[in-house]
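Here is the structure we will look at, set down as structure tokens.
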Amino acid sequence: MVQERTLPMFQAASAQISAEEGLRLFEDMVLGRYFEDRCAEMYYRGKMFGFVHLYNGQEAVSSGVIKSLRPDDYVCSTYRDHVHALSAGVPARNVMAELFGKETGCSRGRGGSMHLFSSEHNFLGGFAFIGEGIPVALGAAFQSKYRRDALGQNDADQVAACFFGDGTTNNGQFFECLNMAALWKLPIIFVVENNKWAIGMAHERSTSQPEIYRKAGVFGIPGVEVDGMDVLAVHAAAQTAIARARAGEGPTLIECLTYRFRGHSLADPDEMRSKEEKQAWQARDPLSKFEAYLLEQKLAGEPELKAIKQKIQDTVDEAVKFAEESPDPSPDELHRYVFAEE
Ligand SMILES: Cc1ncc(C[n+]2csc(CCOP(=O)(O)OP(=O)(O)O)c2C)c(N)n1
Ligand SMILES: [Mg+2]
């Protein structure tokens, strides 16, 4: 039996939030949850093809980090990318249409679940290979810094947020990019979503130092351990890291301790994780926890939260309708988008 990590330093009790900000975070988390639940339904009805990796349980990480960013900042994801794209502002209908392989999808139906992309929202992907997004996010942070320092563009202070899993931190790109980010003081935030598992491999069995946030120290980067089931804790840590990056003080690594409530992908029978472990984490559901917090703190009332849920339900219903009614890409355009167009 693997020993549980002690509670991390960022706790909700220490974080302050306005009612407006609380509702914004809540709405984003509800969107993430409802969207993914509907994806599961559509996948089993045969509307989607290939691998589909859902994000249920990890919503506090996406909402806590991305909702702290500006719209002109950059977000870089993994194959578990639907909810990051939604938090970054890619419309639910264009994400759903992409999952259905339709022309109206955010990647024009050519990418599918693992390759969401939107230049309009500075959403850099969607990558099937693990760790592939880390150097891409690093490049975004580099160009931001280069435009400000070398080209003298004072408004070039965009930050890049790069998400990846615990398993990915054993890959080379992670270390190479921490080194370059530290060396050049790049405006990047490395967000590790430590959900304890890499497919069926337990984190503690695959890495020599399971406390990932400690790896930042070797490069002289601040490493922060956060309760990834607590949106306010993630939000507080993200705000500090973003302010630091924007001020030209360099990168931060945030390790969010979280859990996925479903199998690795919708094709995974999820037989490796114990019932006890799943139940223990399910009891810490970030969405119900935050809903209870908003009510307790009188930041919102029941009718207000109910109205948000209804609104999101309608958004997701509309997204499915839009995806179903959208056209498939034309076979005549098989080679389109392989190369950049003028
Ligand atoms: C370079 C590469 N090697 C192996 C794989 C196969 N693979 C897909 S997901 C995964 C596990 C990743 O786990 P983690 O980084 O913890 O992310 P999580 O799925 O838990 O979000 C692996 C090894 C891959 N996609 N790319
Ligand atoms: Mg993992």
Side-chain angles (χ1 to χ4, degrees), residues 2 4-5 8 32-33 36 39-40 43 50-66 75-87 111-116 125-138 161-178 189-213 215-216 225-229 234 253-274 277-278 280-282 284 286:
V2 166
E4 282 296 329
R5 302 269 287 271
R33 177 67 57 91
E36 295 292 69
C39 280
Y43 176 87
F51 288 111
V52 175
H53 308 82
L54 300 187
Y55 195 73
N56 297 55
Q58 303 186 196
E59 296 89 350
V61 182
S62 181
S63 301
V65 174
I66 301 176
V75 174
C76 195
S77 182
T78 67
Y79 45 84
R80 204 178 294 290
D81 56 351
H82 313 168
V83 176
H84 296 145
L86 294 171
S87 293
S113 170
M114 296 194 274
H115 300 284
L116 302 180
F127 299 90
F129 289 106
I130 69 169
E132 200 182 0
I134 310 177
V136 173
L138 192 93
C162 181
F163 293 83
F164 48 94
D166 45 285
T168 304
T169 65
N170 297 318
N171 278 27
Q173 295 102 316
F174 172 65
F175 299 101
E176 293 173 43
C177 291
L178 283 186
I189 302 164
F190 299 101
V191 185
V192 185
E193 303 198 66
N194 183 356
N195 59 15
K196 297 169 63 79
W197 291 84
I199 315 183
M201 171 58 77
H203 177 57
E204 284 78 1
R205 289 186 60 208
S206 64
T207 196
S208 56
Q209 168 51 278
E211 295 186 311
I212 300 165
Y213 74 99
K215 292 176 182 170
E225 185 189 38
V226 183
D227 181 354
M229 306 304 265
V234 177
L253 185 147
I254 303 176
E255 180 187 2
C256 301
L257 304 180
T258 185
Y259 202 70
R260 59 172 158 72
F261 290 164
R262 292 178 181 271
H264 172 72
S265 74
L266 286 172
D268 174 16
D270 194 17
E271 286 165 349
M272 300 297 288
R273 305 183 304 168
S274 73
E277 181 182 287
K278 287 184 214 175
W281 283 87
Q282 190 81 52
R284 302 181 53 212

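For ligands, and for the atoms within them, numbers begin at 1 and follow the listed sequence. We count residues from 1, following the sequence as given. Just the heavy atoms: all of them, side chains too, but no hydrogens, waters or symmetry mates, feed the values below.
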Which residue supplies the protein heavy atom nearest to [atom], what is that atom called, and how far is it?
atom                    : result
atom 2 (C) of ligand 1  : Ile130 CG1, 3.7 Å
atom 6 (C) of ligand 1  : Ile199 CD1, 4.6 Å
atom 25 (N) of ligand 1 : Ala128 O, 3.0 Å
atom 15 (O) of ligand 1 : Thr168 OG1, 2.6 Å
atom 21 (O) of ligand 1 : Arg80 NE, 3.0 Å

Numbering as shown, the atoms of ligand 1 that approach His264 to under 4.0 Å (heavy-atom distance): 9 (S), 19 (O)
Proximal atoms of ligand 1 relative to Gly165 (non-hydrogen, under 4.0 Å): 14 (P), 15 (O), 16 (O), 17 (O)
Side chain, backbone, both or neither: the part of Asn195 lying under 4.0 Å from ligand 1 by heavy atom: side chain
Region of His203 that comes within reach of ligand 1 [heavy atoms, distance under 4.0 Å]: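 His203 to ligand 1: no contact under 4.0 Å from either part.
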Asp227 and Arg284: CA distance, side-chain angles, deciding distance, salt bridge (charged side-chain N to carboxylate O under 4.0 Å, His left out) verdict: CA-CA 10 Å; Asp227 181 354; Arg284 302 181 53 212; 2.9 Å; yes
Heteroatom proximity flag, [X] to ligand 1, N/O under 3.5 Å:
X      : value
Tyr79  : yes
Gly167 : yes
Gln58  : no
Trp197 : yes
Phe129 : no
Ala198 : no

Aromatic ring proximity, centroids under 6.0 angstrom, Tyr79 and His115: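 No.
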Interatomic distance, Ile189 atom CD1 to Ile254 atom CD1 [nearest 0.5 angstrom]: 5.5 Å
Interatomic distance, Met114 atom CE to Glu132 atom CD [nearest 0.5 angstrom]: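 Nearest 0.5 Å value for the CE-CD distance: 10.5 Å.
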Does any N, O or S atom of [X], backbone or side chain, fall under 2.8 Å from the Mg ion (ligand 2)?
X      : result
Glu193 : no
Gly167 : no
Asn195 : yes

Considering all heavy atoms, the nearest Cys162-Ala137 contact: CB-CB, 3.6 Å
Minimal non-hydrogen separation, Thr258 against Met229, with atom names: OG1-SD, 3.4 Å
N/O donor-acceptor pair under 3.5 Å between Asn171 side chain and Gln173 backbone: no
Ser206 side chain vs His203 backbone, donor-acceptor pair below 3.5 Å: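 It does hold such a pair.
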Side chain to side chain donor-acceptor pair (under 3.5 Å) partner of His82, the single match among Ser62, Ser113, Ser77: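 That would be Ser113; it is the only one of Ser62, Ser113, Ser77 passing the side chain to side chain donor-acceptor pair (under 3.5 Å) with His82.
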The single option from Arg80, Glu193, Glu36 passing side chain to side chain donor-acceptor pair (under 3.5 Å) against Gln58: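 Output: one option passes, namely Glu193.
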Donor-acceptor pair between Thr207 and Asn170 side chains, under 3.5 angstrom: yes
Residue-ligand contact Glu193/ligand 1, heavy atom below 4.0 Å: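 No.
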Name of whichever N/O/S atom of Asp166 is nearest to the Mg ion (ligand 2): OD1
Plane angle bin for Tyr259 and Trp281 - parallel if under 30°, tilted between 30 and 60°, otherwise perpendicular: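 Rings of Trp281 and Tyr259: parallel, under 30°.
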Exercise check, heavy-atom protein proximity under 4.0 Å to atom 10 (C) of ligand 1: yes
Criterion side-chain hydrogen bond (donor to acceptor under 3.5 Å, both in side chains) on Asn194 and Glu255, from CA distance to verdict: CA-CA 7 Å; Asn194 183 356; Glu255 180 187 2; 2.9 Å; yes
